[in-house]
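Order of the sequence lines fixes the chain letters, A, B, ..., with proteins taken first and strands second; residue numbering starts at 1 for each chain.
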Amino acid sequence: MRILTYIRQVLDAEESVHIANNAVALENSKLVMDTMDEYGVEEALRLRESGIEAEVIAIAVGPARVQDALRTALAMGADRAIHVETDVRLDAIALSKVLAQLARQEEATLILSGGQQADWDSHALAAATAERLNWPQVTWTSALALAGTTLTGKHDADEGSESFTLELPAVVTTQQGLNEPRYPTLPNIMKSKKKELRKESLDQFDAAPKLKFVSAEIQVKNRLNKILDGKDAPAAAAQLVDLLRNEARVIA
Amino acid sequence: MILVVVEYVNGKVSKSTWEMITAARESGREAPVTALVLGSNIAAIAAEIAKAVDQVLVADLPALAQYDPELWSAAVAQIATEGEASLVLIGGSRSGREYSPRVAIKLDAPLLEDVITLKATGDTITAQHYTFLARVTETIETTTPIAVVTVKPGVFNPATPKAEAAEQFDVDLNLPTPRLKVTGKTAERSSRISLAEAEIVVSGGRGVGSAEGFTQYVEALADQLGAAVGATRAIVDAGWRPYSEQVGQTGKTVQPKTYIAIGISGAVQHLSGMNKSKTIVAINRDAEAPIFKIADYGIIGDVTQLVPAILNELKK
Ligand SMILES: Cc1cc2nc3c(=O)[nH]c(=O)nc-3n(C[C@H](O)[C@H](O)[C@H](O)COP(=O)(O)OP(=O)(O)OC[C@H]3O[C@@H](n4cnc5c(N)ncnc54)[C@H](O)[C@@H]3O)c2cc1C
Ligand SMILES: Nc1ncnc2c1ncn2[C@@H]1O[C@H](COP(=O)(O)O)[C@@H](O)[C@H]1O
C-alpha cells in the first residue's frame, strides 16, 4: 500500500509572530515541520515497521523553503517526497484538490495529516480531501492499528472519545498523544539525501484559492499584569480576592 | 435562505446555536433564517429553536441518532441546494469543523472557518478569524453566491427567543451509509457547568500535583465560584482529568469573563484555547512562567498554600 503524509512547514511554537505587508512574515523566524504533522509521519513509519508492505510518501505544498520540512520527513524515514511548488497561499478547499489528485496518481489508500494547522488554524484539509476522493475520514485520532484493510483506533469527538473501525481507503488526522515522533538520526539524515524529492508545479492541479487573504494583525489585549508575591499566602490571597471583587468586579 | 444547522446537547439547544442565529441575522444577506435540526427524537429541540428563526426544517430519523460526518454533510448539502441557501452556518465545534469541509466541496462553495465576524455586501463576504494558534486576527474575503461558514463559539451575542414560534417542516433526505463505525464511547460528560457556557473557568495544570490535588484545589475553587473546570493537555494525558475538560489547541476553546489558571505554565497550545478570556488570573510558583505574561492578576507562589487561603478568604 501507499501512505501519503501531508506536512506543513510552520513557525516554531516558541517563536513570536511578526506582521509585514498585511500578512504574517516568516522570513527571519525559525520554521519547523508542524508538530501535528510529525505525528502523521511517525504513524506512517510505525505502520510500515509493523510489517505492513507500505511505501510512505511525504507531500508538501508551498515555496521552495518547505523542502526543509520534506527533508525532515525523509530523514525520519519516509521513502520519498513530493513538493508542489508555489508561492500562492491556498486555502484548505483549494489545497484538497492537489492532495486528492496526488492520492489518485499515487494510488494511495491512506492519507495522514495533522488535525489542525499551526499556521492557518484550519481543520478542513482532511475532510475536504476525503470528500473529493469519496473516502471516509476519521479525525483527531489518538490510537491507530491496521489489519489488512481494516483500520481500528480511538479518536476524540465533541465530548469524550470513541473507538472506531474503518475500511481503507481513508483520510486520518493525527494529533499529540498518538505517538512520540522520532528524531532523525545522523545516519538516516545522510541516507535521506539520496531519497527522491520530486518537484511538481501547481499549474497541473487547477487549484485556485477560494478565499482572498486581505490582512492580518496582532491584536494585543493589554493585560493589567498585577502579579503579587505569594510568600505570605494569607495576605496575597486577601489582596487577590479584594482585587477580583472590587477592582475587576468579576466575583461576588 | 440562510441555513443554520442546530447544535444541541442533552436535549437542549446549545448556546452556540443562539450565537449563530445572531451571526445570520447580522450577516447582511437578506434571506429568511432557517434552522435545520438533524437527529432522532428531536421534537423538543425543533420547538425550542422555532422561537428564534423564520422557519424550521426537521429531519427526525433513526438513521440520524448518531452524528457522522458523511451523514451530516450529505443532509446539510442537500437542504442547502434545495433551499437555494446563500449562507450555511455550522457550529465551530469539533464535529462542525469536521463535516463542514465536505459540505463546501459538495456545494462547490468556499469555506470560512471559525469566524468571529461576518459581513456580506452584495456577493462579497468579509470575515475575520484567528490564525497562528489564535495569536493573529486575519481578515478574509470571498465573492460568492453561497458560502459555508463555521462560527466560533462564544463570540456572537446569543439571540433571544421570541414569543411566537416559526413553522416547522419535515424534510426527506437521501442519506449515504456511514462508513466510520463507532464501536465504543467513553462518556465523559461531567455534571459540572459546561466549559463553553460558563462565565468563570477554573483550570488546573501539572502544578496541582495530582488528581487529588485537582479536586482539592481546582474543583473546590470552581464550586465556590460556580465555575466550570478546565485542564491542560499534560494532566489529561496523565489521566488526572477527562479529555472533555481539556482547554487548548487540541481541546476546547473558551472565552469566559474570568479564567483562573492554577499551576499552568502557559504553553502556546494551551494559550490558544483561552487567550481571549476577558480577565485572566494565574497562580504559579515560577515567576517566569509564560502564563503571567497574559495575566491580569496573579500570585507567584505555591498552589497548596494559596488556594486554601483564597478559599478561606472567599468564605469570609
Ligand atoms: C501539537 C500539540 C498540541 C497541544 N495541545 C494542547 C492543548 O490543547 N492544551 C494544553 O493545555 N496543552 C497542549 N499541548 C501541550 C503543551 O505544549 C504543554 O505541554 C501543556 O500545556 C503543559 O501543561 P501544564 O501547564 O499543566 O504543565 P507544565 O508545563 O509542566 O506546567 C506546570 C506549571 O505548574 C507550576 N507549578 C508546579 N508546582 C507548583 C506548585 N506547587 N504551586 C504553583 N505552581 C506550581 C510550574 O511552575 C509550571 O509552570 C500541546 C502540545 C502539542 C505539541
Ligand atoms: N514545540 C513544542 N512546543 C510546546 N510544547 C511542546 C512542543 N513539543 C512538545 N511539547 C510538549 O511539551 C510537553 C513537555 O515536553 P518535554 O519537555 O519534551 O517533556 C509535552 O507535553 C510535549 O508534548
**Q** Is it the case that the side chains of A:S122 and B:E113 hold a donor-acceptor pair, with the cut-off being a distance below 3.5 Å and no angle test?
**A**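 A:S122 and B:E113 do have a side-chain donor-acceptor pair below 3.5 Å.
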**Q** If we define contacts as heavy-atom pairs under 4.5 Å, which of A:Q116, A:H155, A:K97 has the most with chain B?
**A**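 It is A:Q116.
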**Q** Side chains of B:S93 and A:D158, heavy atoms from C-beta outward: is any pair under 4.5 Å?
**A**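 In contact.
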**Q** Counting only heavy atoms not in A:K231, do more than 12 fall under 6.0 Å of its NZ?
**A**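 No, the 6.0 Å shell around NZ holds no more than 12 heavy atoms from other groups.
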**Q** Do you see a donor-acceptor pair shorter than 3.5 Å between the side chains of B:T250 and A:Q176?
**A**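 No.
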**Q** Quick check for you: among B:I125, B:L180, B:I140, which has the greatest number of heavy-atom pairs under 4.5 Å with chain A?
**A**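 The residue among B:I125, B:L180, B:I140 with the greatest pair count is B:L180.
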**Q** Using every non-hydrogen atom in the two residues, find where A:G160 and B:S244 come nearest and quote the distance to one decimal.
**A**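 That closest heavy-atom pairing would be N-CB, 4.2 Å.
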**Q** Residue by residue, scan residues 24-31 of chain A and write down, ordered by number, those that have a heavy-atom distance under 4.5 Å to chain B; if none do, write 'none'.
**A**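 Listed by number, the contacting residues are A:V24, A:L26.
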**Q** Checking heavy atoms, do the side chain of B:T258, its backbone, both or neither come under 4.5 Å from chain A?
**A**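 When you check distances to chain A, only side chain atoms of B:T258 fall under 4.5 Å.
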**Q** Assess the residue pair A:W140 and B:E98 against the criterion (side-chain contact (heavy atoms from CB on, under 4.5 Å)); give the C-alpha distance rounded to whole Å, side-chain angles, the decisive distance to 0.1 Å, and a yes or no.
**A** CA-CA 10 Å; A:W140 300 104; B:E98 174 185 72; 5.7 Å; no
**Q** Taking only Lys NZ, Arg NE, NH1 and NH2, and the carboxylate oxygens of Asp or Glu, determine whether B:D108 and A:K210 approach each other closer than 4.0 Å.
**A**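 Between A:K210 and B:D108 there is a salt bridge, with a charged N closer than 4.0 Å to a carboxylate O.
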**Q** Treating A:N225 as the side-chain partner and B:A295 as the backbone partner, does any N or O pair qualify as donor plus acceptor under 3.5 Å?
**A**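 Yes; judged by distance alone, with no hydrogens or angles, the pair exists.
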**Q** Enter the distance from B:Y99:OH to A:E131:CD here, rounded to the nearest 0.5 Å.
**A**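 Reported to 0.5 Å precision, the distance equals 13.5 Å.
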**Q** Give, as side chain, backbone, both or neither, the part of B:A109 having an atom under 4.5 angstrom from any heavy atom of chain A.
**A**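 Only the backbone of B:A109 comes within 4.5 Å of chain A.
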**Q** How long is the gap from NZ on B:K181 to CD on A:E162, to the nearest 0.5 Å?
**A**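 Atom-to-atom, B:K181:NZ and A:E162:CD are 14.0 Å apart.
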**Q** With rounding to the nearest 0.5 angstrom, report the OH to CG distance, B:Y243 to A:D156.
**A**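 Nearest 0.5 Å value for the OH-CG distance: 4.0 Å.
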**Q** Please identify, among A:G230, A:S215, A:A216, the residue contributing the most non-hydrogen atom pairs under 4.5 Å to chain B.
**A**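 Top option by heavy-atom pairs under 4.5 Å: A:S215.
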**Q** For chain B, which of A:P209, A:A252, A:A118 has the most heavy-atom pairs under 4.5 Å?
**A**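 The answer is A:A118.
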**Q** Evaluate the side-chain proximity of A:E247 to B:Y297: yes if any heavy-atom separation is below 4.5 Å, no if none is.
**A**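 Contact flag for B:Y297/A:E247 side chains = yes.
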**Q** Check whether any side-chain heavy atom of B:I200 sits under 4.5 Å from a side-chain heavy atom of A:V250, and report yes or no.
**A**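 No, every pair of side-chain atoms sits at 4.5 Å or beyond.
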**Q** I'd like to know whether NZ of B:K257 has more than 12 heavy-atom contacts from other residues, nucleotides or ligands below 6.0 angstrom.
**A**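 12 or below, so no.
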**Q** Specify the closest pair of heavy atoms between B:R94 and A:A157, including all atoms of both residues, with the distance to one decimal.
**A**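 The answer is CD-O, 3.7 Å.
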**Q** Does B:Q255 CD have over 12 foreign heavy atoms under 6.0 Å away?
**A**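 Yes - once you tally the heavy atoms of other residues, nucleotides and ligands closer than 6.0 Å, there are more than 12.
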**Q** Nearest 0.5 Å, what's the CG-CD distance between A:L211 and B:E138?
**A**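 Taking CG in A:L211 and CD in B:E138, the distance rounds to 9.0 Å.
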**Q** Of the listed residues (A:I93, A:I19, A:I218), which shares the most heavy-atom pairs with chain B below a 4.5 Å separation?
**A**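 Top count of heavy-atom pairs under 4.5 Å with chain B: A:I93.
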**Q** For chain B, which of A:A126, A:A248, A:G115, A:A128 has the most heavy-atom pairs under 4.5 Å?
**A**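 Highest number of heavy-atom pairs under 4.5 Å: A:A128.
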**Q** As a quick check of understanding, evaluate side-chain contact (heavy atoms from CB on, under 4.5 Å) for A:E159 and B:K252, giving each step before the final call.
**A** CA-CA 10 Å; A:E159 300 287 336; B:K252 292 202 167 75; 3.8 Å; yes
**Q** Side chain, backbone, both or neither: which part of B:Q305 has a heavy atom under 4.5 Å from chain A?
**A**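 Backbone plus side chain of B:Q305, per the 4.5 Å heavy-atom cut-off to chain A.
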**Q** Given heavy-atom pairs under 4.5 angstrom as the criterion, report whether the side chain, backbone, both or neither of A:A170 touches chain B.
**A**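 Neither part, no heavy atoms under 4.5 Å.
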**Q** Is a donor on one side and an acceptor on the other found under 3.5 Å between the side chain of B:T183 and the backbone of A:S163?
**A**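 Yes; judged by distance alone, with no hydrogens or angles, the pair exists.
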**Q** Residue by residue, scan residues 306-316 of chain B and write down, ordered by number, those that have a heavy-atom distance under 4.5 Å to chain A; if none do, write 'none'.
**A**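 From residues 306-316 of chain B, the residues near chain A are B:L306, B:A309, B:I310, B:E313, B:L314.
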**Q** Does any backbone or side-chain atom of B:N275 lie under 4.5 Å from a heavy atom of chain A? Answer side chain, backbone, both or neither.
**A**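 Backbone only.
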**Q** Count the heavy atoms of every other residue, nucleotide or ligand shown that sit under 6.0 Å from NZ of A:K212, and state whether that count exceeds 12.
**A**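 Open: at most 12 neighbouring heavy atoms sit under 6.0 Å from NZ of A:K212.
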**Q** Is it true that the side chains of B:R179 and A:Q137 contain a donor and an acceptor less than 3.5 Å apart?
**A**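 No - no donor-acceptor pair under 3.5 Å links their side chains.
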**Q** Side chain of A:D121, backbone of B:A134: donor and acceptor closer than 3.5 Å?
**A**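 Yes: the side chain of A:D121 pairs with the backbone of B:A134.
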**Q** What is the distance from atom CD1 of A:I227 to atom CD1 of B:I300, rounded to the nearest 0.5 Å?
**A**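 Here the rounded value is 6.5 Å.
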**Q** At a 4.5 Å cut-off on heavy atoms, which part of B:S277 comes close to chain A: side chain, backbone, both, or neither?
**A**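 Backbone of B:S277 only, per the 4.5 Å heavy-atom cut-off to chain A.
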**Q** Report which part of A:L151 has an atom under 4.5 Å of a heavy atom belonging to chain B: side chain, backbone, both, or neither.
**A**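 Neither part; nothing is under 4.5 Å.
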**Q** Can you tell me how far CG of A:D229 sits from CD1 of B:I299, rounded to the nearest 0.5 angstrom?
**A**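 It comes to 9.5 Å.
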**Q** Over all heavy atoms of both residues, which pair between B:T131 and A:W120 is shortest? Give the atoms and the distance, please.
**A**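 Taking every non-hydrogen atom into account, CG2-O, 4.0 Å.
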**Q** In terms of heavy-atom proximity below 4.5 Å to chain B, should A:N134 be classed as side chain, backbone, both, or neither?
**A**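 Contact with chain B: backbone and side chain both.
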**Q** I need the residue from B:T142, B:T139, B:L225 with the largest number of non-hydrogen atom pairs under 4.5 Å to chain A.
**A**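 The option with the most such pairs is B:T139.
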**Q** Side chain, backbone, both or neither: which part of B:Q246 has an atom under 4.5 Å from a heavy atom of chain A?
**A**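 Contact with chain A is absent: no heavy atom of B:Q246 under 4.5 Å.
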**Q** Between A:A94, A:A127, A:A92, which residue shows the highest count of heavy-atom pairs closer than 4.5 Å to chain B?
**A**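 If we count pairs closer than 4.5 Å to chain B, A:A127 comes out on top.
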**Q** How about CZ on A:R249, more than 12 heavy atoms from neighbouring residues, nucleotides or ligands closer than 6.0 Å, or not?
**A**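 At most 12 heavy atoms, drawn from other residues, nucleotides or ligands, come within 6.0 Å of this atom.
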**Q** Checking A:D91 against chain B: side chain, backbone, both or neither under 4.5 Å from a heavy atom?
**A**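 Interface part for A:D91: neither.
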**Q** Mark yes or no for whether B:D296, through its side chain, and A:R223, through its backbone, hold a donor-acceptor pair below 3.5 Å.
**A**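 Looks like no, no N/O pair under 3.5 Å.
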